[in-house]
Amino acid sequence: MAAKRNANSKNKKIICFIDETGTAGRDDFSLGIAMAFASDVAKADKMFSDLLPRGFNEFHANTHGRTFVRGTIKTFSDQAAETSLRMYSHFKPDLRDEDCPQTSYARSLIEAVKAASKTFRRTHKAIGQQINNIDVLVDMSEHNTGPIFKGIVQDAMMTDGLFRGVNSVVAIDSSVSRMIQLADAIAYLRHLAIKGEISNKELDQELRITLF
């Protein structure tokens, strides 16, 4: 029985929620990522929802004041610290003119998930264990639902290092997922940092958003 529990502990389901700001392939494009063991997702979802005003609908970070978004994420970060949930932001713009937005989005997503998986494993002291049971949920857009995007991602799931630990990449409507909305807020805060309105140090040290 102990051996079976140990095997299961090396293969815990991980959910990775992703949203973007900017346009894939342009220099304003970045991804917000929220990653957690599946067993903690419902708890984190409720934590985030409970911070929003009563009757609040979908959270679109760019439609709210910077102070509100920052304050909400700071409180959430403090509360979620005791869970497995971690927040990451990926900003490495791919500006090759020959790439279409679907290609740029796919490449950025693959890089982001690999970097987040490596850091998540280290954070949760899973060194030596394989992170090979990841479901990726991404906010649906025209750039992450087409055949080019899907083809690149499917190939990476079979051949590309840590990304081989991904079971699926599914685009969903952000209105049905608070965790996608959380990823949107992370992406928005990175956008503010890119514009120089807040510092990378603030994101990393105060809001606990790990930057790639």
Taking a hydrophobic cluster as the set of Ile, Leu, Val, Met, Phe, Trp and Tyr residues connected by side-chain heavy atoms closer than 4.5 Å, whether directly or through intermediates, do [X] and [Y] fall within one such cluster?
| X | Y | result |
| --- | --- | --- |
| Met157 | Ile14 | yes |
| Val41 | Val176 | yes |
| Met140 | Tyr105 | no |
| Leu182 | Met47 | yes |

Quick check: does any side chain N or O of [X] sit under 3.5 Å from a backbone N or O of [Y], one acting as donor and the other as acceptor?
| X | Y | value |
| --- | --- | --- |
| Asp139 | Ser174 | yes |
| Glu197 | Leu192 | no |
| Thr75 | Thr72 | no |
| Ser77 | Leu207 | yes |
| Glu20 | Gly32 | no |

Student check: side-chain heavy atoms of [X] and [Y] closer than 4.5 Å:
| X | Y | value |
| --- | --- | --- |
| Arg208 | Asp78 | yes |
| Val153 | Phe163 | yes |
| Ser89 | Leu203 | no |
| Ile148 | Cys100 | yes |
| Ile209 | Tyr88 | no |
| His143 | Phe149 | no |
| Leu109 | His90 | no |
| Tyr188 | Thr21 | no |

Walk me through whether Ile73 and Met87 qualify under side chain to side chain contact (heavy atoms under 4.5 Å, CB included).
CA-CA 10 Å; Ile73 298 306; Met87 299 183 290; 4.1 Å; yes
[X] [atom1] to [Y] [atom2] distance, which is reported to the nearest 0.5 Å:
| X | Y | atom1 | atom2 | value |
| --- | --- | --- | --- | --- |
| Ile33 | Arg190 | CD1 | CZ | 9.5 Å |
| Glu142 | Thr23 | CD | OG1 | 8.5 Å |
| Asp40 | Arg86 | CG | CZ | 9.5 Å |
| Leu162 | Ile134 | CG | CD1 | 7.5 Å |
| Leu51 | Lys46 | CG | NZ | 10.0 Å |
| Ile152 | Arg107 | CD1 | CZ | 6.0 Å |

For the residue pair Phe91 and Phe29, is the inter-centroid distance of their aromatic rings smaller than 6.0 Å?
no
For a quick test of reading the model, state the closest non-hydrogen atom pair linking [X] to [Y] and the distance between them.
| X | Y | result |
| --- | --- | --- |
| Asn144 | Ser141 | OD1-N, 2.9 Å |
| Val113 | Val136 | CG2-CG2, 4.2 Å |
| Val166 | Val169 | CG1-CG2, 3.9 Å |
| Ser117 | Met35 | OG-CE, 4.0 Å |
| Pro101 | Ala24 | O-CB, 3.4 Å |

Is there a side chain to side chain contact (heavy atoms under 4.5 Å, CB included) between Gln102 and Thr145? Walk through the geometry before answering.
CA-CA 8 Å; Gln102 287 188 48; Thr145 52; over 6 Å; no
Testing Asp19, Asp173, Val138 one by one against Ile180 for a side-chain contact (heavy atoms from CB on, under 4.5 Å), which residue passes?
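So, applying the side-chain contact (heavy atoms from CB on, under 4.5 Å) to Ile180 and each of Asp19, Asp173, Val138, only Asp19 qualifies.
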Check the pair Glu202, Arg70 against salt bridge (charged side-chain N to carboxylate O under 4.0 Å, His left out), reporting the backbone distance first and the verdict last.
CA-CA 10 Å; Glu202 180 179 352; Arg70 187 204 175 284; 2.2 Å; yes
Identify whether NZ of Lys or CZ of Arg in Lys12 sits under 6.0 Å from the centre of the six-membered ring of Phe37 and within 45° of that ring's axis.
yes
Would you mind checking if Asp160 and Arg164 are paired as a salt bridge, meaning a charged N to carboxylate O distance below 4.0 Å?
no
Run the side chain to side chain contact (heavy atoms under 4.5 Å, CB included) test on Leu137 and Ile15 for me, step by step, so that the C-alpha distance in whole Å, both residues' side-chain angles and the decisive distance to 0.1 Å come before the verdict.
CA-CA 7 Å; Leu137 299 177; Ile15 313 295; 4.2 Å; yes
